[in-house]
Every structure is written in structure tokens, then in C-alpha cells.
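Note on naming: letters A, B, ... go to the chains in the order of the sequence lines (proteins, then strands), and numbering restarts at 1 for each one.
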Number of protein chains: 2
Amino acid sequence: MRYPLKVPPPSSTLQHINTSTLQHFNTFKYLRPMSVRIDDTIVALATPQGVSAIAVIRLSGKDAISITQRVFRGKRLETQPSHTIHFGMIWDGNTPIDEAVVSLYRGPKSFTREDAVEISCHGSPIIAERIIKLLMRKGARLAEPGEFTKRAFLNGRFDLAQAEAVADLINAETDNARMAALNQMRGGFSKEINHLREALVHFASLIELELDFSEEDVEFASRDDLRRLVNNIQQYTSSLIKSFDQGNVIRNGVRTVIAGRPNAGKSTLLNAILNEERAIVSEIPGTTRDIIEDEVVMGGINFRFIDTAGLRETVDVIEAMGVERTREQMKKAALILYLFDLSDTTLEHIEQEEAELKSLGIPYIKIGNKLDKSKPDLIKALRNKDFVFISASNRTHLDQLKERILSRYHLDVTPGDVVVTNLRHYHNLVKTHEALDRVIEGIDNGVTGDLLALDIRDALHYLGEITGKVTTEDLLDNIFSKFCIGK
Amino acid sequence: MRYPLKVPPPSSTLQHINTSTLQHFNTFKYLRPMSVRIDDTIVALATPQGVSAIAVIRLSGKDAISITQRVFRGKRLETQPSHTIHFGMIWDGNTPIDEAVVSLYRGPKSFTREDAVEISCHGSPIIAERIIKLLMRKGARLAEPGEFTKRAFLNGRFDLAQAEAVADLINAETDNARMAALNQMRGGFSKEINHLREALVHFASLIELELDFSEEDVEFASRDDLRRLVNNIQQYTSSLIKSFDQGNVIRNGVRTVIAGRPNAGKSTLLNAILNEERAIVSEIPGTTRDIIEDEVVMGGINFRFIDTAGLRETVDVIEAMGVERTREQMKKAALILYLFDLSDTTLEHIEQEEAELKSLGIPYIKIGNKLDKSKPDLIKALRNKDFVFISASNRTHLDQLKERILSRYHLDVTPGDVVVTNLRHYHNLVKTHEALDRVIEGIDNGVTGDLLALDIRDALHYLGEITGKVTTEDLLDNIFSKFCIGK
């Protein structure tokens, strides 16, 4: 499959561009191809591998229906209308393979906008595999990961950000992640971004038009209007960029490292949290297990807790390696739960440890453990110093700790909320913002149109990549290869 | 759910029976209820748990469509015809859950013969779970294992043997097992058994009619005709009973125990077979792994190979326990591959070991291993003694061993083949056969009609249980509880 359009890289040579610009701009340089010729028909299992009531095999492409007909007896599919269901038998020559139900979709009224078929057979891996191989012999090609969604995108069913949301939706592990993905799939920021981008394209066209008249020193594009537009766009991109802090938490959860000196009660705390939450979430009887890493959903957020080796000065080589690994884990954390053993430390030690902790620059929560065995003086001294006091082994005040953790995250995604959850979108928004900063700077410094145009084109490129108005084959491959097969 | 009919146990008191028999017989005593009132609507996930392109949630029951409508916006489902597909959004109140495609089936044109709906949503476990819980709040009940198929059976879509074949089809691990299950699902022996059973019911009715006229010494049922019919039936049941040897292999595979003295090369052989076949079957690069039990499909048959501890006389308690376990494994085997270490044994030892092996009464294959290191005299002495000579570590002659194993099984199930694969059917056929033996014996001895009738009723009961003409709630529960949820 080839995409006829090679999108120019940002800041590429501008000298080739001359008049007849507006039309040219909108339809060629900044737009992805809307109608890509996709000739072959793809097939894949759309349901998970495994024994179950039914398995669904999916075909898409111009021969989807005729290829299915070659193996299906029971009804003449070619003459049936779209969105109808037909019962029959799948045959491999004279060998019956399975009874099956065939669902017909005629393009463009299908997920991919192509003709499409879903075959529901009995949920046996050997049956599904045999039918897929049979369909491949009859002319279908095994789909690549994400190829159905890629076709839906290429055929204009939705934009790239929406296509990416399909994968996020499937992989959502919390209800907030599901809601954020669904919002994005249903449009999210796509419409607004395209709207702002179109306005910017308009300015870019006017400015590039100026280049043709450069000797006459005309200004088709009002610099004041441009500044106003850029400010508008930056206001929007700023809010999107800010939303990524939460979006990242929603989509990827919070990597939470439990650290502290040896014997501070780190493993006890981890097991207490996991068992507590497990008991609530899945009603599996809480058995105390020794775990060094596990996930749990609290307050609609997926927390990945990581236990670490105790931190202390040591001459023992092996132990020193453990301590080094712990420091690395702490640097990669989104949140550190730092335990102090109240029964075996002093205020001075605590202050010393906190200084080190602070120097990492990672958000942390200070936990005073072994509350039941602590010296009253120490607790008194730590009051109003933002500690959570617990006893992990007695499970005392774990609810307070949980509250403290959750208070950092205010997540309740509701229908229509626009949250950037995708790292690629975030990067592009940041780069757009930077390019627009340069545009403003250029206007302020009264630079010439051709230089302004360069930065505007950069911004347009990065914005366009988000929704797929600008794409390259590599970008698409990179995105869709992370999908599962059959989607 | 209650089944109004309580089927009398076989050989129950016959004295209650009097005239008006034939009609009575056919419609009440020997028939399962054809129309069971099933009031509630069931729901379950029909696809495996896991992240995938789509998940399918299935509903069946009189409210299937209206319950779906309560959570689905996009189209008025109630007015849509059967076998149509509708795109829309699943809503939980004002919260959108997922875009979904709804397939409508109106009874009796559905799998269960009831109104049924399939909801295809994105293949996320949390989405599927949320939709199922939502549907349960709206009036559906979570289906029990096999409940969809049970309803299909109770609503007369197919008989019990066919319903059981559905589960076999899903669980088929080889193409032969698939074909045997498909044949059974499409009718198999059901029709023939019902045909023979009807003829026998006719005789039973006539004989029981005689009882009302017992003082007059009439014989409505010709004993010669009855004998002929019973012989016919027994001819058929015999062939079905015989087919179970193969049927069992087809459905359950061959439990193959690898045994021999310590260091005979048992693990080496197991790993050689597994890696060899894996390489062929799945094209996964053959990595040598140490396995003590694994399955592999050869010649369309599923072999479960089990490695064992070496057999030898020992005073070591732990080792003795291992040897004991090996003997138990050998007794449970369908086939024993017995290895002799040709580099370290004598003819006398071999004969001694074989005598022990023979005494188990389990089919076995004698394998001379370490062919490359054996004494030529020994090989000469063993010639024509039915050995397979191999070198497991060099993978020499493994193909000959495979041929020898497969030569015991001639399996190539073709469309329409009738093979009994189900242990329950086998048991019932054996019991039918025995009851019919008693009928013949009774005729030979000129016993009275009431005694003959007892044995005929036994035969009718056991035959009827196969196809479900006779059922009890327990029997159905037992059968369908082994199905997966959603089927």
C-alpha cells in the first residue's frame, strides 16, 4: 500500500511555493489523501484467542463478500442488503468446517467504510484458525495489527486522534481511562484543533502570497489579526498541554515507588494496600502475599506499586547495588511513598533523609510507620510537618494514607471532557506552542513574511500530525503497529 | 425454572399403567416436555476474556430486545426485523459507555429459538463487564454455564446428543475431534436411535396392552417380530459401542506414558518428540525444554505424553515413592512407550522387564534406545521381537517410532461419520445393550409380558437419555454445567 502524498517536512524550502496558493494549500500540501486506493481484502480474528461460545472473524475490502461466499453455503450473500445476518455452513471444498453466522456490511456503512463481513463461528481456536486460513486461500490477506482501524482512518471515517482513541478504549483499565478514550474517539479536541488550524492555514496562505509581491512591500495578512489568532490558539494548546498531567495519570496510571530505610515496613505496607484494595475491588479473599510489584485501582486510577530494597549507607557490594537500583526506581517514579520507622529514628535523621528525598525532585508523601511503637516526643515533633502516621502491620490509618494519595489526583472524567492522554499528542502540542512562540516573537520583531511563514508552517505541521491532516507512512505504521490484530 | 415432567426411573412399578396406552406412551411417559416456559432473559459474555478488537455480549429471552433497548440509543430496536444489525451507543443513564453494534434475532429464528441479541462492543474487559452489569440492572440475569444451549435444547432446536456436541465442537483440539463433533451436532446417530426407539416403543405399548387382557392370554406383540427388532437395535448399538474406542481417542486424545529404567533416555525422548512436532506444527523454533508432561497433535490425534521416574528396585524411600507413582501412571495410560537402554542391559533383563510390563494389561510399544551405543549382538537377538530402535539424543528413527505409534490408530473422520465420542452415550449404549440382552433371554425363556415390558422400558430409558427424549433436571444440570459461560 502506498500513500501518494509525501508530506514535506516542517521548515522545508519555501522558495518552490508561488501563487495560486490558497487552493493549493488546502488541498495538497497540508492535507492527507482522502481517498487511498486499497485493493486487497484483509482478514483477522477479532476476538481473543481461547475457547469460548463464539469467535468472530472479520474481513474488510472490496472482495470481502465474494471471498466469504466462496466458503459459505446457505444463502447468496452478494444479493443481500447491508446490515443483515445470515446463517449457514462454512465449507472447505466438500468438508464442512462449522456452522456460522455471517454479518454483512456494505461500504461506506461499515467500520472501515469498505465492504465488510463478520463471521461468527464456534469459539474453538482450531476452527477459527482453519477458517482464517481458508479465507486466505480464497484471496484474503492476514491483516496487520490495527489495519482495520487504519483503513477506517484512511477512508475518512475519523481522524488520527480518534483512531488512536480506539486502541486506548480497548486497553482502558479504569473507567476514567475508558471515558477519556471514548470522548477522544467521539471527536474530543479534533474539531477545535482543525478549526484553529484552518484559520492558521488561511494566514499562512496570505503571508506566502505576500512573498510573490515581496518587492511591493504589501501586507495581505494583518499582523495584529495574526497575533490575536496565535494567542487564541496558544490559549487552547496551553489548556490541552496542562491536561496531560491528568491525562497521563488516566491513561498510564501512577508509578508509585515505596522507599525508606531497611525494616521501615515497606513490604508490609505494599501487601496491606494490595490486600485491602483487592478485598474491596474484586472480593477475592485477601491472602497476604509477598509481592514486590503490583497494580491496584483506587479512586478510578491505576496505581502500580513498586517495593524497593531498603536505603542505607553500606560497604556491602551486593547491598550497595540494591540501594543503587532503589535510587533509580525512585527517579522513575511518579510518586514516592517514603516510610520512616518511627520506632527507630530521630528527628535529625528524618530531616537528613527528607533533604535527600527532596533533591530528587519527584513528588513524595512522608509516612511515619509503626505508629504504635513510636516515641510520643517524636510524633509531637513531626506534627504539622505533613506526615501521615500509620501502622502498616496493624493496618491503622491506611484509609488516611489512601486519602492523601488520592487528594493529589482529581479525576472524574465526564462525557465531553477533553483531556490529552496521548504522549504523541502532548509532544506535538508542545512543539506547536513553541513554534507559535516564535511567530509572536517574529511579529514583535517585525521579521519578514518568509520567516514568519516558516514558523507558521512548523505549527501547522505539528498540529496537523495530531489529527492526521499531515501524515507520513512511518507515522501511521508506528501508530497502528501498536494496535492488536483484528482491530 | 421447573420442568413439569418427572420422568419415572427405569423399572419403576408398572401396575399403574392400563389401557389407552399408545397415545399415552408417546406423548407423556417417554417424551421430554417440548415447550418449557422460560420466563427470564439471560445475558453473558460470549467471547473469551481479554483485550481484543471486539467482545460479544449475548442475551436470550422474551425481554432480550426490550432490555437492550433500555441501554441502547441509535435506533428503535423493537420495530426492526430479525437478522438485522444496528449501530449505536450504549448508555448507562447519561453516561455513554461504548459505541456498539447490536444484532437482532427474533425467535424462533435464533440459536435458542427465543428472541436474542448480540452486542458487539470494543474488546475491553472493563467495557464488557460494565455493559453486562448494566443489562443485569435492567432486568437480565447472568446466564449459567451452557444455559443458552440448554434453552436451545429445551425449546426443541436439537436433541441432547446434538447439544452436547456443541461443547465438544468448542473444545475440539484436533481436526478429527472437530469433525466428529460437527457430525454429531448435525444429527449423527440421533435420527437412527430415535427411529429404532420408536419401533421399540410400539412393541412396549402392545405388550403393556396385553397386560390389560392378561386373563385372556392374548399376544398382541409378536415375539418373533420383537426378537427381530431387538436384534436390529443391538446390531446398531454394537457398532456404536465399538466406535467408542476410536471416539474416545478422537475426543480425549491418547494418554501416553513414557517409562523405563533410570537413565534409559525417557526425558530425552519426550523432549525430542515435542520439539520435533512443535517445529512442524506451529513453526515455533524448537528450543529444548525440560518437560514432564505436554500435548502434541500427531496424525490428527492429540497425544498427552507423560514422563516418569525411572523404574528400579530400590530401598531408598523417596525413590520408591517415585517408582510407585510411575506404576500408577502406567496403569492409567492408554499407551506405554517403554524404553530399554541398549547400551546397558541384557536380553535376560529385557525379557524380565517385558513380563512385568505385559502384566499391566495396557497397550505398549517397546523401544530400544541408544541404538548408536548398543552391542550388535543384543540388537541381533532382539530382531523380529517387535522393537523400535532409536537414538533419542541423536533423533535417529524418531519417524519410525511415530509411524509405529500412529499405526495403532486409524483416524480420519469424514463428513457424516458416526462415532461415539461421549462417555455418557457409551455407558447408555452399553446399558441399552444389556437390557436388550435380557429381553432376548426373556423371549427365549417364554417369560410373561409384564417381565418383558420391564426390560424393554429399561432399554427405552437408556436410549431415550442419549437423545434427551428422557431427561431429568439432574441429568441436564450435569451436562450443561460443563459448558462454558455464554454458550
Side-chain angles (χ1 to χ4, degrees), chain A residues 44-56 58 81-87 89 94-99 101 103-105 109 111 118 120 122-127 130 148-149 166 169-175 177-179 181-183 185-186 297 414-416 483-487, chain B residues 44-56 58 81-87 89 94-99 101 103-105 109 111 118 120 122-127 130 148-149 166 169-175 177-179 181-183 185-186 297 414-416 483-487:
Chain A
L45 183 65
T47 47
Q49 281 284 354
V51 171
S52 61
I54 62 169
V56 179
R58 184 184 239 189
S82 185
H83 288 62
T84 55
I85 299 168
H86 309 280
F87 178 78
M89 177 75 77
N94 290 319
T95 306
I97 303 304
D98 192 13
E99 288 181 353
V101 164
S103 298
L104 278 196
Y105 299 86
K109 289 173 66 189
F111 175 69
E118 284 176 5
S120 294
H122 285 91
S124 142
I126 68 156
I127 290 176
R130 179 136 185 199
F148 291 91
T149 312
V166 172
L169 192 56
I170 287 171
N171 290 300
E173 293 185 338
T174 64
D175 205 53
R178 176 195 64 75
M179 198 69 243
L182 187 64
N183 286 343
M185 196 179 80
R186 297 176 78 196
V297 175
T414 57
F483 277 56
C484 57
I485 295 244
K487 188 68 227 178
Chain B
L45 183 67
T47 47
Q49 280 284 354
V51 172
S52 62
I54 62 169
V56 180
R58 184 184 239 190
S82 186
H83 288 62
T84 55
I85 298 167
H86 309 280
F87 177 78
M89 176 75 76
N94 290 320
T95 306
I97 303 303
D98 193 12
E99 287 181 353
V101 164
S103 299
L104 279 195
Y105 299 86
K109 288 173 66 187
F111 176 69
E118 283 176 5
S120 293
H122 285 91
S124 142
I126 69 156
I127 290 176
R130 178 136 185 199
F148 291 90
T149 311
V166 172
L169 192 56
I170 287 172
N171 290 301
E173 292 187 338
T174 64
D175 205 53
R178 177 194 64 76
M179 198 70 244
L182 187 64
N183 286 343
M185 196 179 79
R186 296 177 80 195
V297 175
T414 57
F483 276 56
C484 56
I485 295 244
K487 190 67 229 179

**Report entry** Counterpart residues, side-chain hydrogen bond (donor to acceptor under 3.5 Å, both in side chains), relative to B:T174 (two or more places apart)
**Finding:** none
Report summary line: Sequence neighbours excluded, the answer for side-chain hydrogen bond (donor to acceptor under 3.5 Å, both in side chains) partners of A:H86 is A:K75, A:T84
Any idea which of [options] has the most non-hydrogen atom pairs under 4.5 angstrom with chain B?
options: A:N94, A:V101, A:V51; result: A:V51
options: A:T149, A:L182, A:V56; result: A:L182
options: A:A46, A:G50, A:P125; result: A:A46
options: A:K109, A:Q49, A:R186; result: A:R186

Toward chain A, the part of [X] with a non-hydrogen atom under 4.5 Å:
X: B:Y105; result: side chain
X: B:D98; result: both
X: B:I54; result: both

Query - Validation row: A:P96, B:M179 side chains within 4.5 angstrom (heavy atoms) - result: yes
Query raised in the report: Less than 4.5 Å apart, any side-chain heavy atom of B:E173 and any of A:I126?
Result: no
[X] versus chain B, heavy atoms under 4.5 Å apart: side chain, backbone, both or neither?
X: A:A172; answer: both
X: A:F87; answer: side chain
X: A:L104; answer: backbone

Which pair of non-hydrogen atoms, one from [X] and one from [Y], has the smallest distance, and what is that distance?
X: A:P415; Y: B:T95; value: CG-CA, 4.3 Å
X: A:A53; Y: B:C484; value: N-SG, 3.8 Å
X: A:S52; Y: B:P48; value: OG-CD, 3.1 Å

Query raised in the report: Backbone N or O of B:I97 within a donor-acceptor pair of the A:R178 side chain at under 3.5 Å?
Result: yes
Report task. Please test A:H83 against B:H83 for side chain to side chain contact (heavy atoms under 4.5 Å, CB included), starting from the C-alpha separation and ending with a verdict. Result -> CA-CA 8 Å; A:H83 288 62; B:H83 288 62; over 6 Å; no
Report task. Start with the C-alpha distance between B:E99 and A:L169, add both sets of side-chain angles, then the distance that settles side chain to side chain contact (heavy atoms under 4.5 Å, CB included), and finish with yes or no. Result -> CA-CA 10 Å; B:E99 287 181 353; A:L169 192 56; over 6 Å; no
**Report entry** Euclidean distance, A:I170 CD1 relative to B:S124 OG, rounded to 0.5 Å
**Finding:** 8.0 Å
Query raised in the report: How many angstroms lie between atom OG of B:S103 and atom CD of A:E118, to the nearest 0.5 angstrom?
Result: 7.5 Å
Query - Audit row: A:R130, B:D175, side chain to side chain contact (heavy atoms under 4.5 Å, CB included) steps and yes/no - result: CA-CA 9 Å; A:R130 179 136 185 199; B:D175 205 53; 2.4 Å; yes
